[in-house]
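Notes to accompany the following structure.
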There are 2 protein chains.
Amino acid sequence: MKLSRISDSTVRRLSSYCRVLEELDREGRRMVSSKRLAERGGVSSAQVRKDLSYFGSFGRRGLGYNVPRLLEEIRSIMGLNRTWRCALVGAGHIGSALFSYHDFRRRGFDVVAIFDNAEAVVGQKWEDCEIQNVKKLVPEIRRLGVDIGIVATPARAAQEVADLMVEAGVSGILNFAPRKLEVPKEISLRNVNMTIELESLSFALRASETRSRKKRAVSVDE
Amino acid sequence: MKLSRISDSTVRRLSSYCRVLEELDREGRRMVSSKRLAERGGVSSAQVRKDLSYFGSFGRRGLGYNVPRLLEEIRSIMGLNRTWRCALVGAGHIGSALFSYHDFRRRGFDVVAIFDNAEAVVGQKWEDCEIQNVKKLVPEIRRLGVDIGIVATPARAAQEVADLMVEAGVSGILNFAPRKLEVPKEISLRNVNMTIELESLSFALRASETRSRKKRAVSVDE
DNA sequence: CCCACTTTGTGAAAGATTTCGCAAGGAGCG
DNA sequence: CGCTCCTTGCGAAATCTTTCACAAAGTGGG
């Protein structure tokens, strides 16, 4: 099974199936069909079956999938049955929002260090984690064996921080700064860019305004 | 030109071309080729030309694109040459991070109201915007003519809030809660789900670990 | 056991997106 | 002007992703 040729869309859907399965599990359901899983996840049932088929056969014909079993399978496929050590850089609003989002910890993403360059915040404690000067980033990330670096700095600092993270040996970077980062190809990089989301929404709104203006014009004609 | 059959990936890339063009403009460049624009945006030059071609011909052969002109064109295509009125629901960490991200305002996304259900925060002021009880959401959104609702609540409250927003007549919703929202199809909906991003990163890390383990095994054999 | 019904897993078809390749337009130089 | 060097715009090809459609398995009732 070539993990590398699994499409990004499939991976993102697997992640969302996880959430649906957790919910079904809480509801006490034992079995679920691809149809129901699909409805809850907002995709087609064929899509669900195809996504799962890349990794094996987890269901039983006529019955569906065993909820806890499938959840465990997907968790294991996605590497969610372990703890990932994360370092957060940037103790501003975004950093604080991420840090206090306890759901991440519950899912195995553990923030073990926080860095910032502002003397005013260095030394502060968030829960039991002390904000350190970004100068200590490389040795501290090495010492703690951090897997994932989270960039939550302003755009202008982001590349520099990413370079330090790479130097320190992280395996992956999650970037919240609205700029493209250059990293060696063996480092996994994901971007969360809220500007892109807002602007795409703007495009969609403009598109639907245009549509309804046309529609109105037609009704007036009639 | 059918705006509705433009792919989501194209729209997202247009948004990122905007950022590159703004940067080029600040650097004082007059002209840019699809090649350079592509490099800076991390895509292929054919992709840039194709994306633009859906909307018209903005370049000159042999010369490239005029930077301020192309920026204006894309802004106009995406509906960024106007102000969108936004209402933020959820005055927690994520809401606060979004509100204080002034780049949004600069780009024309103006938060004109904030709602929360916790008596402890209702009445507080963020800059010159007072947090209101979510009970006032519908009339206030109507009164202010809000275009975009931003859901920054815990997952369990998200659908209820979205329903209120729809009732109040927003045109689009940006959802930060990690759950699928149901909205009428004429409402544009975009989701920002940080859990999916982190989990996709986890998948990628696992995939590359598997690869390097194999590689190592091969070197040992040799 | 038979029949009606359900559901998976998966090739093959359809559809969507990206890349290729090149004609045609334009700049610059001698 | 003639020649070289760029670059766009775009149809066509290649690639990637989703949907279709159905055989094969499984359940349950009589």
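Reminder, nothing fancy here: chain letters follow the sequence lines and each chain counts from 1.
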Might you confirm whether atom CZ of B:Arg142 has over 12 heavy atoms from other residues, nucleotides or ligands at distances under 6.0 Å? yes
When rounded to whole Å, the CZ to C1' distance for the pair B:Arg5 and C:dT17 reads 15 Å
By salt bridge (Lys or Arg N to Asp or Glu O under 4.0 Å), A:Asp8 pairs with (sequence neighbours left out) A:Arg190
Rounded to whole Å, the CG-P distance (B:Leu37 to D:dC6) equals 19 Å
Residue set satisfying side chain to side chain donor-acceptor pair (under 3.5 Å) with B:Asn191, at least two apart, ordered chain then number -> B:Asn175
Q.
With a cut-off of less than 4.0 Å, is there a side-chain N or O of A:Ser34 near OP1 or OP2 of C:dT8?
A. yes
Distance col, row A:Leu24:CG vs A:Tyr65:OH, nearest 0.5 angstrom, shows 13.5 Å
A:Asn66 CG to C:dT7 C1', in whole Å, measures 15 Å
Closest to the side chain of B:Ser33, out of D:dT7, D:dT17, C:dT7, is D:dT7
Sorted by chain and residue number, the ring pair (Phe, Tyr, Trp, His ring centres under 6.0 Å) partners of A:Phe99 (sequence neighbours excluded) come out as A:Trp126
Whole-Å distance, B:Arg69 CZ to D:dT8 P, equals 13 Å
Rounded to whole Å, OH of A:Tyr54 lies from C1' of C:dT10 at a distance of 11 Å
From the list A:Arg13, A:Arg75, A:Arg19, salt bridge (charged side-chain N to carboxylate O under 4.0 Å, His left out) partner of B:Glu199 resolves to A:Arg19
Rounded to whole Å, the NZ-P distance (B:Lys35 to C:dT19) equals 16 Å
On DNA chain D, more 5' by nearest nucleotide between B:Phe58 and A:Asp8 is B:Phe58
message: Heavy atoms only, 4.0 Å cut-off, all strands: where does A:Ser45 land among base, sugar-phosphate and nothing?
response: nothing
Result for 5'-nearest mapping on DNA chain C, choosing between A:Val32 and B:Thr10, is A:Val32
Between the protein and nucleotides 3-5 of chain C, which nitrogen or oxygen pairs come in under 3.5 angstrom?
none

Exercise. For A:Tyr65 and C:dG9, is the shortest distance between a side-chain N/O and OP1 or OP2 below 4.0 Å?
Worked result: yes
Counting primed atoms, P, OP1 and OP2 as sugar-phosphate and everything else as base, the B/S/- map of nucleotides 19-27 of chain D against protein heavy atoms under 4.0 Å is BBB-BBBSS
Between the OG1 atom in B:Thr195 and the CG atom in A:Leu80, the distance rounded to the nearest 0.5 Å is 10.5 Å
**Message:** Using a strict threshold of under 4.0 Å (side-chain N to carboxylate O), is an ion pair present between B:Glu27 and B:Arg40?
**Reply:** yes
Answer yes or no: does a side-chain N or O of A:Arg13 lie under 4.0 Å from OP1 or OP2 of D:dT18? yes
When rounded to whole Å, the CE to C1' distance for the pair B:Met31 and C:dG26 reads 11 Å
Quick note, side chain to side chain donor-acceptor pair (under 3.5 Å) partners involving residues 160-174 of chain B, not counting sequence neighbours, are B:Gln159-B:Asp163
Atom CD1 of B:Ile6 and atom P of C:dA16 are separated, to the nearest Å, by 13 Å
Heavy-atom closest pair (A:Leu88 atom, A:Ala152 atom, distance to 0.1 Å) is CD1-CB, 4.0 Å
Q.
Using a 4.0 Å heavy-atom cut-off, does B:Arg36 contact any base of the nucleic acid, only the sugar-phosphate backbone, or nothing at all?
A. nothing
